[in-house]
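Reading through the structure tokens given below for one structure.
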Amino acid sequence: MIAPPQITRVETRRVSCDGAHDGIPAALGHPRIFLEIDEHGYVDCGYCDRRFVLIGGPADGADQSDLPDIASGASI
């Protein structure tokens, strides 16, 4: 496994992603989607692979390259 291209630490379980980051405006990203972080403590965007990690959750501080991809609504 490889680490996700971008990791965003968040304080809420419900997040949105539109692909905007590092100087890329939302207009050049992807449609805005809403994601829900489950008991694993993180979720990956299905469009841009950005990983959202819940601060204080089980994945916070973990080696992200050791964790499998989890898209919103998926289970492992």
Side-chain angles (χ1 to χ4, degrees):
M1 286 186 237
I2 60 173
Q6 184 177 15
I7 298 168
T8 304
R9 296 176 71 229
V10 296
E11 295 180 353
T12 61
R13 289 192 174 273
R14 186 160 172 84
V15 296
S16 67
C17 185
D18 59 11
H21 63 84
D22 298 336
I24 297 174
L28 298 178
H30 58 70
R32 178 173 292 176
I33 59 170
F34 292 89
L35 306 165
E36 189 78 28
I37 298 174
D38 64 9
E39 67 275 358
H40 296 100
Y42 66 99
V43 67
D44 299 319
C45 175
Y47 283 99
C48 64
D49 293 330
R50 180 185 303 179
R51 178 166 289 174
F52 295 91
V53 178
L54 184 64
I55 294 172
D60 192 20
D63 182 357
Q64 298 298 311
S65 62
D66 289 339
L67 301 174
D69 292 346
I70 296 182
S72 184
S75 62
I76 53 175

Practice prompt. Identify the heavy atoms of Cys45 and Cys48 that sit nearest to each other, and give their distance.
Written response: SG-N, 3.5 Å
Worksheet item: Closest heavy-atom contact between Asp18 and Ala20?
Response: OD1-N, 3.0 Å
Worksheet item: Looking at residues at least two apart in the chain, or sitting in another chain, which of them share a side chain to side chain donor-acceptor pair (under 3.5 Å) with Asp49?
Response: none
Fill in: Test item: Gln64 side-chain N/O and Ala59 main-chain N/O as donor-acceptor pair under 3.5 Å
yes
Worksheet item: With a 4.5 Å limit on heavy-atom distance, are the side chains of Val10 and Ile37 in contact?
Response: yes
Practice prompt. Please name the pair of heavy atoms, one in Val43 and one in Leu35, separated by the smallest distance, quoted to 0.1 Å.
Written response: CG1-CB, 3.8 Å
Worksheet item: Do the side chains of Val15 and Tyr47 join up, straight or via other hydrophobic residues, at under 4.5 Å, putting them in one cluster?
Response: yes
Worksheet item: Would you call Leu67 and His40 a side-chain contact if the rule is heavy atoms closer than 4.5 Å?
Response: no
Worksheet entry | Asp38 and Arg13 ion-paired at < 4.0 Å | no
Worksheet item: Can you check whether Pro58 reaches Glu39 side chain to side chain, under 4.5 Å on heavy atoms?
Response: no
Response to the item:
In short, Phe52 meets Ser16 closest at the heavy-atom pair CZ-O, 3.9 Å
Practice prompt. Determine whether Ile7 and Ile55 fall in the same hydrophobic cluster, where Ile, Leu, Val, Met, Phe, Trp and Tyr are linked whenever their side-chain heavy atoms lie under 4.5 Å apart.
Written response: no
